[in-house]
Amino acid sequence: MINLNEMMTESRNPACTEIDTLPTLEMLAVINAEDKKVPIAVEATLPQVAKVVDLVVEAFANGGRLIYCGAGTSGRLGILDASECPPTYGSPREQVVGLIAGGHTALLQAVENAEDNPEMGRDDLQNIGFNTRDVLVGIAASGRTPYVLGAMNYARSVGAAVAAISCNQNSEMSRTADIAIEPLVGPEVVTGSSRMKAGTAQKLILNMITSGAMIRSGKVYSNLMVDVEATNAKLVQRQVNIVVDATECSPDEAENALNACDRHCKTAIVMILGGLTAQESSSLLRQNKGFIRKALQGIKA
């Protein structure tokens, strides 16, 4: 039997024991004061996060994937982060995948006992063809969720890289992982409600893993999302703004270049900066694995 009282994420926060007696504004100030501790806890994990980013970059370069695995809030956060990669970075939809105990039903409502089943974690990885080229990131505030541990142990058995994000020190997940990321945010304002500080810390770290990996994979030029997919009117305009910002051309020039290259920002940027056709720009980008700076250096050389 797990003793929850031994977990930091389950212990009571002495700063918040009278929160139910406070006026609304004072109550929110207490929550906000606790939330301010989150980025400091995340900062302490940056060396470990950097190692995971480098593993993911290598996996992507070799045709591998980033797989998130969690239950409840942690699983939902993984799916959220995964789902936002394709529209933001134009990445293949299968490149970053989020798995949650209980499947898609668990996105909206709890699925009884799903997180307590380690075999389900293993089975979910097998069902997506998880292999040694992939990277698994297990997510659980407690650091002991059986579903996640089942997935992590299976990933290790096939020789894949395994990382863990948990908010308790030296957890079972941390001991199982190759890289343990432990943002120690302390007890929650509402005891055991790990969707609060722990969830915020997990969200920040997941953002860094995918954003860092995409930047290192050539999906960002300067600080512009140059592989963004234009799936609505706002993003169509964003593409124009990106090309204008990257090249200092006029909006009309940006629109013309985008129309000439099937609305691919990278190609339009190289066309304008390099004085090339769409076909020449596309070919040069392929030769340089999608990195705009390298492509432009090739022109100057």
Side-chain angles (χ1 to χ4, degrees), residues 39 42-69 77-98 130-139 155 159-165 177-181 183 201-229 238-239 242-243 245-247 264-270 273 281-301:
V42 170
E43 182 180 18
T45 72
L46 290 181
Q48 291 74 41
V49 178
K51 290 179 182 178
V52 175
V53 170
D54 289 341
L55 283 176
V56 174
V57 171
E58 183 179 358
F60 287 173
N62 293 318
R65 300 168 294 175
L66 167 60
I67 310 297
Y68 291 136
C69 178
L77 289 171
I79 289 174
L80 173 64
D81 195 63
S83 68
E84 291 177 341
C85 289
T88 306
Y89 297 111
S91 57
R93 300 189 183 279
E94 66 278 5
Q95 191 174 56
V96 183
V97 177
F130 186 88
N131 62 77
T132 188
R133 292 181 300 172
D134 299 327
V135 175
L136 178 70
V137 177
I139 317 165
V162 179
I165 303 173
D178 300 307
I179 302 171
I181 302 172
Q202 291 170 343
K203 177 70 163 64
L204 291 173
I205 291 167
L206 297 179
N207 283 168
M208 286 193 288
I209 290 172
T210 47
S211 298
M214 295 299 175
I215 292 168
R216 291 284 314 281
S217 298
K219 297 287 188 178
V220 173
Y221 173 65
S222 182
N223 63 344
L224 302 171
M225 55 172 78
V226 288
D227 269 329
V228 64
E229 292 183 350
R238 181 177 292 170
Q239 284 190 322
I242 286 169
V243 176
D245 289 342
T247 65
H264 189 241
C265 287
K266 281 182 176 179
T267 305
I269 290 167
V270 174
L273 292 180
S281 300
S282 180
S283 176
L284 194 58
L285 281 166
R286 282 196 302 274
Q287 292 170 29
N288 289 278
K289 299 182 179 179
F291 286 83
I292 291 176
R293 292 188 190 276
K294 291 181 180 179
L296 294 173
Q297 288 170 358
I299 296 171
K300 294 174 183 176

Report summary line: For Y68 and A82, the nearest pair of non-hydrogen atoms, with its separation, is CE1-N, 4.4 Å
Report task. To the nearest 0.5 Å, tell me how far N207 CG sits from Q202 CD. Result -> 12.0 Å
Query raised in the report: Which heavy atom in I181 sits nearest to a heavy atom in V52, and how many Å separate them?
Result: CD1-CG2, 3.8 Å
**Report entry** Heavy-atom donor-acceptor pair, T132 side chain to G159 backbone, under 3.5 Å
**Finding:** yes
Report task. Would you give the length of the straight line joining atom CD of E94 to atom CD1 of I67, rounded to the nearest 0.5 angstrom? Result -> 10.0 Å
Requested in this report: Evaluate the side chain to side chain contact (heavy atoms under 4.5 Å, CB included) criterion for residues K219 and S211: first the C-alpha distance (whole Å), next the side-chain angles of each, then the deciding distance (0.1 Å), finally the verdict.
Outcome: CA-CA 9 Å; K219 297 287 188 178; S211 298; over 6 Å; no
Query - Euclidean distance, C265 SG relative to M225 CE, rounded to 0.5 Å - result: 10.0 Å
Query raised in the report: Taking side chain as C-beta onward, heavy atoms only, is Y89 less than 4.5 Å from T210?
Result: no
Report task. Answer whether the closest heavy-atom distance between the side chains of T45 and I205 falls below 4.5 Å. Result -> yes
Query raised in the report: Is there a side-chain contact between M214 and D227, using heavy atoms and a 4.5 Å cut-off?
Result: no
Query raised in the report: Any idea which heavy atoms bring C85 and V96 closest together, and the distance?
Result: SG-CG2, 4.1 Å
Query raised in the report: Is the closest side-chain heavy-atom distance between D54 and R216 below 4.5 Å?
Result: yes
Query raised in the report: Atom CG of L284 and atom CG of L296: how far apart are they, to the nearest 0.5 Å?
Result: 7.5 Å
Report task. Please report the C-alpha distance between I139 and L77 in whole Å, then the side-chain angles of each, then the deciding distance to 0.1 Å, and finally whether the side chain to side chain contact (heavy atoms under 4.5 Å, CB included) criterion is met. Result -> CA-CA 9 Å; I139 317 165; L77 289 171; 5.8 Å; no
Query raised in the report: If only atom types and distance count, is the side chain of S83 paired as donor or acceptor with the main-chain N or O of L80 below 3.5 Å?
Result: yes
**Report entry** NZ on K51 to CG on L46, rounded to 0.5 Å
**Finding:** 12.5 Å
Query raised in the report: Looking only at heavy atoms, which two atoms of R93 and P87 are closest? And how far apart?
Result: NH1-CD, 4.5 Å
Report summary line: Sorted by chain and residue number, the salt bridge (charged side-chain N to carboxylate O under 4.0 Å, His left out) partners of R133 (sequence neighbours excluded) come out as none
Query raised in the report: Taking side chain as C-beta onward, heavy atoms only, is L55 less than 4.5 Å from D178?
Result: no
Requested in this report: Taking the side chain as every heavy atom from C-beta outward, state whether I269 and I242 have any pair of such atoms under 4.5 Å apart.
Outcome: yes
Query - Expected output: side-chain D134 to main-chain N131 donor-acceptor under 3.5 Å - result: yes
Query raised in the report: Does the side chain of F60 reach to within under 4.5 Å of the side chain of V135, using non-hydrogen atoms?
Result: no
Report task. Heavy atoms only: give me the nearest V53-M208 pair and the separation to one decimal. Result -> CG2-O, 3.9 Å
Query raised in the report: Is there a side-chain contact between S91 and E229 (heavy atoms, below 4.5 Å)?
Result: no
**Report entry** All side-chain hydrogen bond (donor to acceptor under 3.5 Å, both in side chains) counterparts of R238, not counting sequence neighbours
**Finding:** none
**Report entry** Non-hydrogen atoms of V162 and A155 that approach each other most closely
**Finding:** CG2-CB, 3.6 Å
**Report entry** Residue E84 excluded, over 12 heavy atoms near CD under 6.0 Å
**Finding:** yes
**Report entry** Atom pair CG/CD1 of D81 and I209 - distance to nearest 0.5 Å
**Finding:** 8.0 Å
